[in-house]
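Please read the structure below before turning to the comments.
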Amino acid sequence: TKDKEFRDYFADVVEKWAHKKVRFFEREQHGRPYYECRLNSINVLKFIEDLVGARVEVPLAISHSSRNVQVGFVKGFYDSEGCVLKNPKIVRVYNTNQRVIGQIKEMLVNLGFDEKRTRIRRHCYRENGKDMYVIAISNKHGMRMFHELIGFTIKRKQERLKSILI
C-alpha cells in the first residue's frame, strides 16, 4: 500500500487475530514509498482464500451479512482504496474491478445512500492505461452520511472528511 498508516493498522489487526508476528517492508514503487506487511501462515492463507476466493467480487459472506458487517467492509475498502478531495469536495473510492465497485455501490445504497447521487464513473488513471472505476459521493447529505455511518479508520482521511463538512 502507499499508505503507511493503513499498513500499520492492518498489521496490528492481523497480529491480534492470528496471534503471529507480521514482518514489515518498505520499498519504492514508481518513485514513491510503498509499504508492505507479510505474515507466513498456511492457516491464515487458507482462511483468506476461502473467504475471498479469486477476489473477483465481494464475498457472499460479506454482502449477505448484517448491516454492521457491511459497514465495516465498506470502511475497510475506503480506508484502502478511497480518498477525500477538498476542491471539489468529494469522497471517492477507486478500483480496477468494475464488478467489485458495483457491489460496493449496492452496499452503499442498501445502507441508505441515494442511488442516483452515488455514481460510478470509468476513468483511465493508471500509468499502464488500465481502466479505473470510481464511486464519487459529492453531495453534502451523502458526505455527512458517510462520515456518520462509515467514516475512515485512517485518522488523516477521517480528519480531511471532517474538514470538508464544515
Side-chain angles (χ1 to χ4, degrees), residues 1-20 22 34-39 41 43-85 90-123 125 130-139 141-162 164-165:
T1 181
K2 295 177 257 177
D3 193 314
K4 186 176 190 289
E5 186 181 349
F6 179 74
R7 188 264 325 251
D8 294 347
Y9 173 79
F10 180 78
D12 185 54
V13 170
V14 168
E15 282 184 347
K16 287 177 183 171
W17 171 73
H19 303 289
K20 294 184 181 262
V22 171
Y34 190 81
Y35 306 96
E36 294 180 7
C37 62
R38 294 182 191 165
L39 174 69
S41 169
N43 292 335
V44 171
L45 177 64
K46 174 105 174 82
F47 174 81
I48 292 172
E49 284 177 344
D50 288 348
L51 180 64
V52 298
R55 294 178 56 176
V56 294
E57 62 185 320
V58 174
L60 291 176
I62 302 294
S63 60
H64 288 89
S65 280
S66 70
R67 180 179 178 87
N68 286 343
V69 169
Q70 289 185 35
V71 165
F73 184 84
V74 170
K75 177 183 259 187
F77 196 81
Y78 271 81
D79 278 337
S80 174
E81 308 292 327
C83 67
V84 178
L85 302 178
I90 299 174
V91 177
R92 283 187 177 167
V93 68
Y94 301 84
N95 201 278
T96 58
N97 187 320
Q98 185 177 15
R99 175 143 174 80
V100 168
I101 284 290
Q103 290 173 309
I104 295 294
K105 179 186 175 180
E106 283 176 30
M107 280 194 264
L108 288 169
V109 170
N110 289 340
L111 293 169
F113 286 81
D114 185 338
E115 184 171 15
K116 290 182 173 117
R117 292 182 167 219
T118 308
R119 302 178 309 274
I120 296 176
R121 292 206 170 118
R122 190 179 108 219
H123 291 282
Y125 281 123
K130 196 169 187 178
D131 287 339
M132 295 288 282
Y133 298 92
V134 180
I135 299 174
I137 301 171
S138 58
N139 64 81
H141 175 74
M143 290 186 294
R144 190 166 306 285
M145 188 173 170
F146 185 90
H147 176 261
E148 292 169 3
L149 180 64
I150 298 167
F152 291 96
T153 305
I154 306 302
K155 290 180 183 132
R156 164 179 55 74
K157 291 182 181 184
Q158 185 67 7
E159 290 302 317
R160 183 171 253 208
L161 177 58
K162 282 182 193 176
I164 68 170
L165 295 175

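What you see is a predicted model, and the numbers here were worked out from it, not measured in a lab.
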Between Ser138 and Ile90, what is the shortest heavy-atom contact and its length? CB-CG1, 3.8 Å
Apply side chain to side chain donor-acceptor pair (under 3.5 Å) to Arg144 and list each qualifying residue two or more places apart in sequence or on a separate chain. none
Does any part of the side chain of Val84, heavy atoms only, come nearer than 4.5 Å to the side chain of Ile164, both counted from C-beta? yes
Contacts satisfying salt bridge (Lys or Arg N to Asp or Glu O under 4.0 Å) that involve residues 60-78 (not counting sequence neighbours) are none
Over all atoms of both residues, closest heavy-atom pair of Glu15 and Lys20: CG-O, 3.2 Å
Pairing of Arg38 and Glu36 as salt bridge, 4.0 angstrom limit: yes
Of all residues at least two apart in sequence or in a different chain, which pass the side-chain contact (heavy atoms from CB on, under 4.5 Å) check with Lys162? His147, Gln158, Glu159
So do Lys2 and Tyr35 actually touch side chain to side chain, heavy atoms under 4.5 Å? no
Nearest heavy-atom pair of Cys37 and Val22: which atoms, and what distance? CB-CG1, 3.2 Å
Starting from the C-alpha separation in whole Å, work towards a yes-or-no answer on side-chain contact (heavy atoms from CB on, under 4.5 Å) for Leu85 and Arg92. CA-CA 8 Å; Leu85 302 178; Arg92 283 187 177 167; 3.6 Å; yes
Checking Glu106 now: which residues fulfil side chain to side chain donor-acceptor pair (under 3.5 Å) with it, not counting sequence neighbours? none
Under the side-chain contact (heavy atoms from CB on, under 4.5 Å) test, which residues partner Val44, sequence neighbours left out? Trp17, Ala18, Leu39, Ser41, Ile48
With a 4.5 Å cut-off on side-chain heavy atoms, are Val71 and Leu149 touching? yes
Could you walk me through whether Arg119 and Lys105 satisfy the side-chain contact (heavy atoms from CB on, under 4.5 Å) test, starting with their C-alpha distance in whole Å, then the side-chain angles of each, then the deciding distance to 0.1 Å, before giving a yes or no? CA-CA 8 Å; Arg119 302 178 309 274; Lys105 179 186 175 180; 6.0 Å; no
Do Met143 and Leu165 come close enough that some side-chain heavy atom pair is under 4.5 Å? yes
Beyond-backbone contact of Phe146 with Leu161, side-chain heavy atoms, under 4.5 angstrom: yes
Pairing residues for Met107 by the side-chain contact (heavy atoms from CB on, under 4.5 Å) criterion, not counting sequence neighbours: Val58, Ile62, Gln70, Phe73, Val74, Ile104
Atom pair OG1/CZ of Thr1 and Arg7 - distance to nearest 0.5 Å: 9.5 Å
Indicate yes or no: at least one non-hydrogen side-chain atom of Ile150 is less than 4.5 angstrom from one of Phe113. yes
With sequence neighbours excluded, residues passing side-chain contact (heavy atoms from CB on, under 4.5 Å) with Asp12: Lys16
Taking salt bridge (Lys or Arg N to Asp or Glu O under 4.0 Å) as the test, write out the residues that go with Arg121, two or more places apart. none
Looking at residues at least two apart in the chain, or sitting in another chain, which of them share a salt bridge (Lys or Arg N to Asp or Glu O under 4.0 Å) with Lys4? Asp8
Quick check: do Glu5 and Lys157 have side-chain heavy atoms less than 4.5 Å from each other? no
Neighbour count above 12 (heavy atom, 6.0 Å) for Phe6 CZ: yes
Results of side chain to side chain donor-acceptor pair (under 3.5 Å) for Arg156 - residues two or more places apart only: Asp3
Kindly list each side-chain donor-acceptor pair under 3.5 angstrom involving residues 76-83, sequence neighbours excluded, with atom names and distances?
from, atom 1, to, atom 2, distance (Å)
Asp79, OD1, Thr153, N, 2.8
Asp79, OD1, Ile154, N, 3.4
Asp79, OD2, Thr153, N, 3.2
Asp79, OD2, Thr153, OG1, 2.8

Could you tell me which non-hydrogen atom of Ile101 sits nearest to which non-hydrogen atom of Ile135, and how far apart they are? O-CD1, 3.4 Å
